[in-house]
2 protein chains.
Amino acid sequence: MKTHTIQVTVDLVILTIQEQQLRVLLVKRGVRPFEGECALPGGFVREDESLEEAAARELEEETGTKNIFLEQLYSFGDPKRDPRGRVVTVAYYALISPDRAELAAGSDAASAAWYPVAKLPKLAFDHPNILDVALNRLRGKLEYTTVGFELLPKKFTLSDLQQMYEVILNKSLDKRNFRRKVLAMGILRPLKEWQQTGRKPARLYSFAPQT
Amino acid sequence: MKTHTIQVTVDLVILTIQEQQLRVLLVKRGVRPFEGECALPGGFVREDESLEEAAARELEEETGTKNIFLEQLYSFGDPKRDPRGRVVTVAYYALISPDRAELAAGSDAASAAWYPVAKLPKLAFDHPNILDVALNRLRGKLEYTTVGFELLPKKFTLSDLQQMYEVILNKSLDKRNFRRKVLAMGILRPLKEWQQTGRKPARLYSFAPQT
DNA sequence: CCAAAAGTGTTAGGAGTACACCCATGG
DNA sequence: CCATGGGTGTACTCCTAACACTTTTGG
């Protein structure tokens, strides 16, 4: 049987919300090809680890944090997607709340930074495509799952929650309908705490999945 | 940079409906490991083809047919999933209508046959898991897309359509509500033909996406 | 007292669900 | 004439969407 010289990598679309913007973690490439351009973080899958483990390892290397939401996205294997040779990449996406979205200091992530997805720099390889798939997946899942809470801190206001939805879906939502709907889901625990920011204090809530 | 000796395959979950049952194409393994057990068809990705092309090639080899619905499912890369070595597989699922679901005579598919998913034989590798993911994907997509029509011939009755849904979702649906709903979608073209089978002739329809 | 964001109800339309009988045909 | 599957309508509930004003606080 012929031996195939295909290399397998994982690439990560790590998303967070900062300054009311959806942002993605990108690293600046220091080597050719695409030297000087931005790219999604990623790396080779080691021989003794699963795809998920490889993705989690890369994710921890970039962010210095464990226990982050991580889900497989799609696999990309066009023969020409990497000019250096045949590389199949399994893309994952991760969601990290702003209070944990500090970047690892050391690591190969020295050049990593958060870029608003609404105003992206030029991306290397087929990474624009990968990011696009990730955003569509996130938008889809937002509608019928509770993944969105991964992008919020433990305590948040209903306005925080709504803004998160608005930023990701890129459209504005009706405040009253939104509040009625999320409260009816029975997944929010109202806290006896209020956010004292600026004007009228806003009630804080925490996420409490299906009682 | 270290060279990784990971091999990349595609595995196929090819589904059809026969005799009012959802069925999957399986091949009987003639070699170890898992000799004598059933497995999903699949094969190595060649160096000059994309993942999708590899899947389409395998699909045509098994079924002798082109232009079949084919979509990437998920990638599986546990280091122990194949006892022979490190193999990452990119799974695809395909839907083929019963009138095209004849099997290729020659090919390595000599041992291929359609098995009801409700009553499966023992499957090799992690293929039970792959099939499970495929069925869940299909059930999910059935609710918010029109993929289901891929499992029907060009002309079908509303009862055919409903049975297809019932078989896949494994639950019975209300006839009047079902008909009202699918007709309201405006994606069915009523034909001036009737199916003359047994008793009262049933009207035939064809699938006509968003006018 | 003013600016800014928090908070709150009602109505109308559409979608989903439950439910039972008559019809056309072939044997 | 009977067995079989084809075909049809209504009422109720629930979800969704549209829409505007009052409250609380800090400055």
Side-chain angles (χ1 to χ4, degrees), chain A residues 17 19-21 98 139-140 142-146 148 152-153 155-207 210, chain B residues 17-21 98 139-146 148 152-153 155-207 210:
Chain A
I17 288 185
E19 300 164 33
Q20 268 115 287
Q21 288 181 312
R139 287 184 187 119
L142 207 55
E143 312 255 7
Y144 67 99
T145 71
T146 56
L152 294 178
K155 299 173 182 181
F156 50 85
T157 67
L158 293 182
S159 292
D160 293 337
L161 183 58
Q162 180 172 349
Q163 271 177 31
M164 182 265 288
Y165 272 80
E166 290 180 334
V167 162
I168 295 173
L169 299 177
N170 200 28
K171 66 178 179 188
S172 57
L173 303 171
D174 181 90
K175 183 162 50 156
R176 282 167 293 186
N177 292 337
F178 180 83
R179 291 159 105 96
R180 178 171 341 108
K181 187 172 166 179
V182 296
L183 290 172
M185 288 184 202
I187 54 175
L188 293 181
R189 181 199 314 275
L191 304 176
K192 291 202 183 68
E193 295 177 62
W194 280 261
Q195 192 180 62
Q196 303 289 345
T197 168
R199 316 302 178 175
K200 179 173 181 179
R203 180 150 207 168
L204 289 168
Y205 291 79
S206 68
F207 175 50
Q210 59 257 32
Chain B
I17 288 185
Q18 279 180 355
E19 300 164 32
Q20 268 115 290
Q21 289 180 312
R139 288 183 186 119
K141 285 237 164 186
L142 206 55
E143 312 256 9
Y144 67 98
T145 71
T146 56
L152 295 178
K155 299 174 183 183
F156 50 85
T157 67
L158 293 182
S159 292
D160 293 336
L161 183 60
Q162 181 172 350
Q163 272 177 30
M164 182 266 288
Y165 272 80
E166 289 179 334
V167 162
I168 295 173
L169 299 177
N170 199 29
K171 67 179 180 188
S172 58
L173 302 171
D174 181 90
K175 182 163 49 159
R176 281 167 292 187
N177 293 337
F178 180 83
R179 291 159 105 95
R180 188 195 356 266
K181 187 172 166 180
V182 296
L183 289 173
M185 288 185 205
I187 54 176
L188 292 182
R189 181 199 314 274
L191 304 176
K192 292 203 182 66
E193 297 177 60
W194 281 260
Q195 192 181 61
Q196 304 289 346
T197 169
R199 316 301 177 176
K200 180 175 178 178
R203 181 153 205 164
L204 290 168
Y205 291 78
S206 67
F207 175 50
Q210 62 257 30

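Quick note on labels: first sequence line is chain A, next is B, and so on, each numbered from 1.
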*Asks:* Output the rounded distance in Å from CG (B:Asp174) to C1' (D:dG7).
*Replies:* 13 Å
*Asks:* Send over the distance from A:Phe178 CZ to C:dG7 C1', rounded to a whole Å.
*Replies:*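 Those two atoms, CZ and C1', are 14 Å apart.
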*Asks:* Would you call B:Glu193-B:Lys155 a salt bridge at under 4.0 Å N-O?
*Replies:*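 Answer for the salt bridge query: yes.
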*Asks:* Could you check which of C:dA24, C:dG7, C:dG9 has an atom nearest any side-chain atom of A:Arg179?
*Replies:*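 Out of C:dA24, C:dG7, C:dG9, the nucleotide with an atom closest to A:Arg179's side chain is C:dG7.
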*Asks:* Quick check: any donor-acceptor pair below 3.5 Å linking the side-chain of B:Lys175 to the base of D:dG7?
*Replies:* yes
*Asks:* Taking atom CZ of B:Arg139 as the centre, report whether more than 12 heavy atoms of other residues, nucleotides or ligands fall under 6.0 Å from it.
*Replies:* yes
*Asks:* Round to a whole Å and report the spacing from CD of A:Glu143 to C1' of D:dC15.
*Replies:*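 These atoms are roughly 15 Å apart.
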*Asks:* Are A:Leu188 and A:Leu161 close enough that some pair of their side-chain heavy atoms sits under 4.5 Å apart?
*Replies:* yes
*Asks:* Quick one: label B:Arg203 by what it contacts on the DNA or RNA (base, sugar-phosphate, nothing), any heavy atom closer than 4.0 Å.
*Replies:*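 Contact class for B:Arg203: sugar-phosphate only.
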*Asks:* Do B:Ile187 and B:Val182 have side chains that get closer than 4.5 Å, going by heavy atoms?
*Replies:*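 Not touching, per the 4.5 Å side-chain cut-off.
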*Asks:* Between A:Gln162 (CD) and C:dA6 (P), how many Å, whole number?
*Replies:* 9 Å
*Asks:* Identify, between A:Gln196 and A:Arg176, the residue whose nearest nucleotide on DNA chain D lies closer to the 5' end.
*Replies:* A:Arg176
*Asks:* Once you round it to whole Å, what is the distance between C1' of D:dT16 and CE of A:Met185?
*Replies:*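 Atom CE in A:Met185 sits about 13 Å away from atom C1' in D:dT16.
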*Asks:* Would you kindly compare A:Trp194 and B:Lys200 by the position of their nearest DNA chain C nucleotide and give the one closer to the 5′ end?
*Replies:* A:Trp194
*Asks:* Measuring to OP1 and OP2 of C:dT8, would you say a side-chain N or O of A:Arg180 lies under 4.0 angstrom away?
*Replies:*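 Answer is no, no contact under 4.0 Å.
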*Asks:* Find the distance A:Arg199:CZ to D:dG26:P and express it as a whole number of Å.
*Replies:* 9 Å
*Asks:* Under 4.0 Å between any heavy atoms, over every strand shown, what does B:Thr197 touch: base, sugar-phosphate, or nothing? Just pick one.
*Replies:* nothing
*Asks:* Verify side-chain contact (heavy atoms from CB on, under 4.5 Å) between B:Ser159 and B:Arg179, making sure each step is shown before the conclusion.
*Replies:* CA-CA 9 Å; B:Ser159 292; B:Arg179 291 159 105 95; 4.0 Å; yes
*Asks:* Would you mind reading off the distance between A:Lys171 atom NZ and D:dT16 atom C1', rounded to a whole angstrom?
*Replies:* 12 Å
*Asks:* Atom CD of A:Gln20 to atom C1' of C:dA4: distance rounded to whole Å?
*Replies:*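 A:Gln20 atom CD is separated from C:dA4 atom C1' by 14 Å.
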*Asks:* With a non-hydrogen cut-off below 4.0 angstrom, is A:Ser159 in contact with a base, only sugar-phosphate, or nothing?
*Replies:*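 Touches sugar-phosphate only.
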